[in-house]
Amino acid sequence: MAVKWTGGHSSPILCLNASQEGLVASGAEGGDLTVWGEDGTPLGHTCFQGADDVTSVLFSPSCPTKLYASHGETISILDVRSLKGSLDHFHVNEEEINCLSLNETENLLASADDSGTIKILDLENKKVSRSLKRHSNICSSVAFRPQRPQSLVSCGLDMQVMLWNLQKARPLWITNLQEDEAEEMESPQSPGQLLNPALAHSVSVASCGNIFSCGAEDGKVRIFRVMGVKCEQELGFKGHTLGISQVCFLPGSYLLLTGGNDGKIMLWDISSEVEKKQKSPAKHTHRKKTKRAIGNKQGRNTHASVTGEDEHGKILPKLSLEHGEKVNWLLGTKIKGYQNILVADQTNCISVYPLKEF
């Protein structure tokens with residue numbers, strides 16, 4: 001059962017983040033931002049001028065009282081002990097920002113926006129150091145890779161996933177999810193695919209920095225491995241009946257949280273798959289095409305919640321929660337020493353699910 005944190009917002013919550021000290025920040029429609037204590041008590045609240053939706057919030061890992069928030073086209077830096085005035089703000093994006101990501105050395109902040117552009121803000125010099133323009137539609141999600149402060153991944157509603165290195169203005173690698181699907185199936189697209197195109201909503205990089213996940217409108221989770229200057233899709237599996245709005249690796253693990261428009265939250269353990277592929281790359285490439293084609297066929301013809309993955313059986317979620325509301329944001333974080341799932345949805349409260357066994 002979920003515990004509900006209430007009293008911090010009057011409108012739907014759009015984004016969440018947690019500090020290493022156990023504080024939680026949430027941003028909502030209409031410019032609302034709230035900081036919560038570990039017990040679910042609102043500690044501070046502010047409403048940004050202009051009432052633009054707060055679409056992304058990020059705590060600084062090295063300075064847990066510092067908070068980055070995007071609202072409209074603006075990024076504000078705040079001190080959580082006194083939210084009323086911002087320490088600094090930047091207006092570098094031309095359209096609404098959807099996602100913020102901070103690199104590990106905390107000198108660069110990436111902001112992905114509706115124009116498809118990712119602006120890289122140099123926080124020391126307080127200016128834009130790069131403007132990455134390659135997505136042809138909304139860039140919905142961006143994530144720096146852990147242990148690689150110059151490298152990031154992004155995805156967008158153009159159905160493209162990209163790998164970037166900030167030494168270059170162009171992406172190192174691009175894949176189109178829809179084209180990849182059609183290629184794998186080796187047949188014309190099914191009507192279901194056209195109704196649920198693979199618009200990419202969310203990316204998350206595992207702590208190792210080389211494995212990342214992408215959640216898309218077609219209800220499929222894709223796992224990629226970075227191999228130098230390109231990526232390979234390692235896995236593709238399905239558990240949600242509608243689009244996936246959020247993917248999120250738990251820190252220090254290959255446990256992956258997914259949240260969907262079907263109101264479900266799932267926890268997947270991909271560690272054995274990832275490690276298996278690491279040990280036998282030749283075998284994996286040899287099997288890749290047949291394996292994925294089988295998976296897709298099964299997913300199309302049955303109402304099973306997961307597609308078959310390989311001859312050893314299916315990838316099944318470790319946990320499946322019927323949350324009941326479309327998931328706007330989700331997060332795995334420790335509260336009072338225990339791992340929890342925090343969920344923001346179409347309501348004005350945060351749902352907290354304990355994950356004591358993990």
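We count residues from 1, following the sequence as given. Values reported hereafter were calculated over all heavy atoms of this structure, with side chains retained and with hydrogens, waters and symmetry mates removed.
- Salt bridge absent: Lys66 and Asp79 never bring a charged side-chain N and a carboxylate O closer than 4.0 Å.
- Atom CD of Gln147 has more than 12 heavy atoms from other residues, nucleotides or ligands within 6.0 Å.
- Grouped by direct or indirect side-chain proximity (heavy atoms under 4.5 Å, Ile/Leu/Val/Met/Phe/Trp/Tyr only), Leu108 sits with Ile118, Ile120, Leu132, Val142, Phe144, Leu152, Met162, Trp164, Leu166, Ile174.
- For the residue pair Asn210 / Arg145, a side-chain donor-acceptor distance below 3.5 Å is found, with atom types taken as modelled.
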Open item on the list: Could you go through Leu177 and Asp218, starting from their C-alpha distance and side-chain angles, then the distance that decides it, and tell me whether this counts as side-chain contact (heavy atoms from CB on, under 4.5 Å)?
Closed with: CA-CA 10 Å; Leu177 302 183; Asp218 59 359; 5.8 Å; no
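- With Asn125 contributing its side chain and Leu123 its backbone, the two residues share no donor-acceptor pair below 3.5 Å.
- Counting only heavy atoms from C-beta outward, the side chains of Val3 and Ser351 never approach each other to under 4.5 Å.
- Atom NZ of Lys220 sits about 13.5 Å away from atom CG of Asn196, to the nearest 0.5 Å.
- A 6.0 Å sphere centred on CZ of Arg134 holds no more than 12 heavy atoms belonging to other residues, nucleotides or ligands.
- Between Glu106 and Ser62, the side chains place a donor N or O and an acceptor N or O closer than 3.5 Å (distance only, hydrogens not considered).
- A donor-acceptor pair shorter than 3.5 Å can be found between the side chains of Thr55 and Ser70.
- Both Leu43 and Leu83 are members of a single hydrophobic cluster when ILVMFWY side chains are connected at heavy-atom separations under 4.5 Å.
- Between Lys126 and Glu124, no side-chain nitrogen of the basic residue sits less than 4.0 Å from a carboxylate oxygen of the acidic one, so the salt-bridge criterion is not met.
- Note: Leu316 CG to Lys318 NZ = 10.5 Å, rounded to the nearest 0.5 Å.
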Open item on the list: Walk me through whether His201 and Gln246 qualify under side chain to side chain donor-acceptor pair (under 3.5 Å).
Closed with: CA-CA 7 Å; His201 293 306; Gln246 280 279 299; over 6 Å; no
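- In the model, His71 has no side-chain atom that pairs as donor or acceptor with a side-chain atom of Asp53 under 3.5 Å.
- Listed by chain and number, the residues in a side chain to side chain donor-acceptor pair (under 3.5 Å) with Thr41 are Asp39 (sequence neighbours excluded).
- Considering Val35, Val24, Thr34 in turn, Thr34 is the only one that fulfils the side chain to side chain contact (heavy atoms under 4.5 Å, CB included) rule with Pro42.
- Considering only heavy atoms from C-beta on, Asp122 stays 4.5 Å or farther from Val128 through its side chain.
- Tested against Asn93 for a side chain to side chain donor-acceptor pair (under 3.5 Å), the candidates Thr117, Thr74, Asp113 yield a single pass: Asp113.
- Side chains of Leu250 and Leu257 form a contact here, defined as non-hydrogen atoms less than 4.5 Å apart.
- You'll find the side chain of Ile223 stays beyond 4.5 Å of the side chain of Gln233, heavy atoms only.
- In this structure, Gln167 places its CD atom where more than 12 heavy-atom neighbours from other residues, nucleotides or ligands lie under 6.0 Å away.
- Considering only heavy atoms from C-beta on, Val57 comes within 4.5 Å of Leu33 through its side chain.
- Proximity of a side-chain donor or acceptor of Asp52 to a complementary backbone N or O of Gly31 within less than 3.5 Å is not detected.
- A salt bridge links Arg225 with Glu234; the closest basic N to acidic carboxylate O contact falls under 4.0 Å.
- Between Tyr68 and Leu78, every side-chain heavy-atom pair lies at or beyond the 4.5 Å cut-off.
- Formation of a donor-acceptor pair under 3.5 Å by the Ser60 side chain with backbone atoms of Pro64 is not found in this model.
- For Trp36, the ring-ring contact (aromatic ring centres under 6.0 Å, His included) criterion is met by Trp5, not counting sequence neighbours.
- For Phe90, there are no ring-ring contact (aromatic ring centres under 6.0 Å, His included) partners at least two apart in sequence or on another chain.
- Annotation: side chain of Val153 is in contact with side chain of Val205 (closest heavy-atom distance under 4.5 Å).
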TODO: Decide yes or no on side-chain contact (heavy atoms from CB on, under 4.5 Å) for Leu67 and Ile77, but give the supporting numbers first.
DONE: CA-CA 6 Å; Leu67 182 69; Ile77 304 178; over 6 Å; no
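- In this structure, Ser140 contributes its side chain and Ala200 its backbone to a donor-acceptor pair below 3.5 Å.
- Looking at Trp329, its side chain never comes within 3.5 Å of a backbone N or O of Ala344 through a donor-acceptor pair.
- A donor-acceptor pair shorter than 3.5 Å cannot be found between the side chains of Gln178 and Asn176.
- Although no hydrogens or angles enter the test, the distance criterion places no donor-acceptor pair under 3.5 Å between the side chain of Asp262 and the main chain of His240.
- Side-chain atoms of Leu109 and Ile75, non-hydrogen and from C-beta on, do get closer than 4.5 Å to each other.
- With values rounded to the nearest 0.5 angstrom, Ser111 atom OG is found 11.5 Å from Leu102 atom CG.
- How far CD of Gln150 is from CG of Asn107: 7.5 Å, rounded to the nearest 0.5 Å.
- With no hydrogens or angles considered, a side-chain donor-acceptor pair links Ser131 and Lys119 at under 3.5 Å.
- Residues Leu58 and Leu23 fall into different hydrophobic clusters, defined by Ile, Leu, Val, Met, Phe, Trp and Tyr side chains chained together at heavy-atom separations under 4.5 Å.
- A side-chain donor-acceptor contact under 3.5 Å links Ser207 to the backbone of Gly252.
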TODO: Apply side-chain contact (heavy atoms from CB on, under 4.5 Å) to the pair Val327 and Asn261, showing each step before the final yes or no.
DONE: CA-CA 6 Å; Val327 174; Asn261 296 338; over 6 Å; no
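- Not a single donor-acceptor pair under 3.5 Å links the side chain of Asp32 to the backbone N or O of Ser11.
- The ring-ring contact (aromatic ring centres under 6.0 Å, His included) search around Tyr353 returns His323, not counting sequence neighbours.
- Residue Lys168 qualifies as open at atom NZ: its count of foreign heavy atoms under 6.0 Å is 12 or below.
- Under the 4.5 Å side-chain heavy-atom criterion for ILVMFWY residues, no single connected hydrophobic cluster contains both Leu14 and Ile97.
- Taking the six-membered ring for Trp, Trp268 and Tyr254 have ring centres at least 6.0 Å apart.
- Between the side chains of Ser26 and His9, at least one donor N or O lies within less than 3.5 Å of an accepting N or O.
- A donor-acceptor contact closer than 3.5 angstrom is absent between the side chains of Thr46 and Lys84.
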- [ ] Step by step, work out the side-chain contact (heavy atoms from CB on, under 4.5 Å) result for Lys264 and Glu322.
- [x] CA-CA 5 Å; Lys264 288 194 176 79; Glu322 283 286 350; 3.0 Å; yes
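- Note on Val352 and Leu319: separate hydrophobic clusters, where clusters join Ile, Leu, Val, Met, Phe, Trp and Tyr whose side-chain heavy atoms are under 4.5 Å apart, directly or indirectly.
- Checked against ring-ring contact (aromatic ring centres under 6.0 Å, His included), Phe212 has the following partners two or more places apart in sequence or in another chain: Phe224.
- In the hydrophobic cluster analysis, where Ile, Leu, Val, Met, Phe, Trp and Tyr join through side-chain heavy atoms closer than 4.5 angstrom, Ile13 is grouped apart from Leu330.
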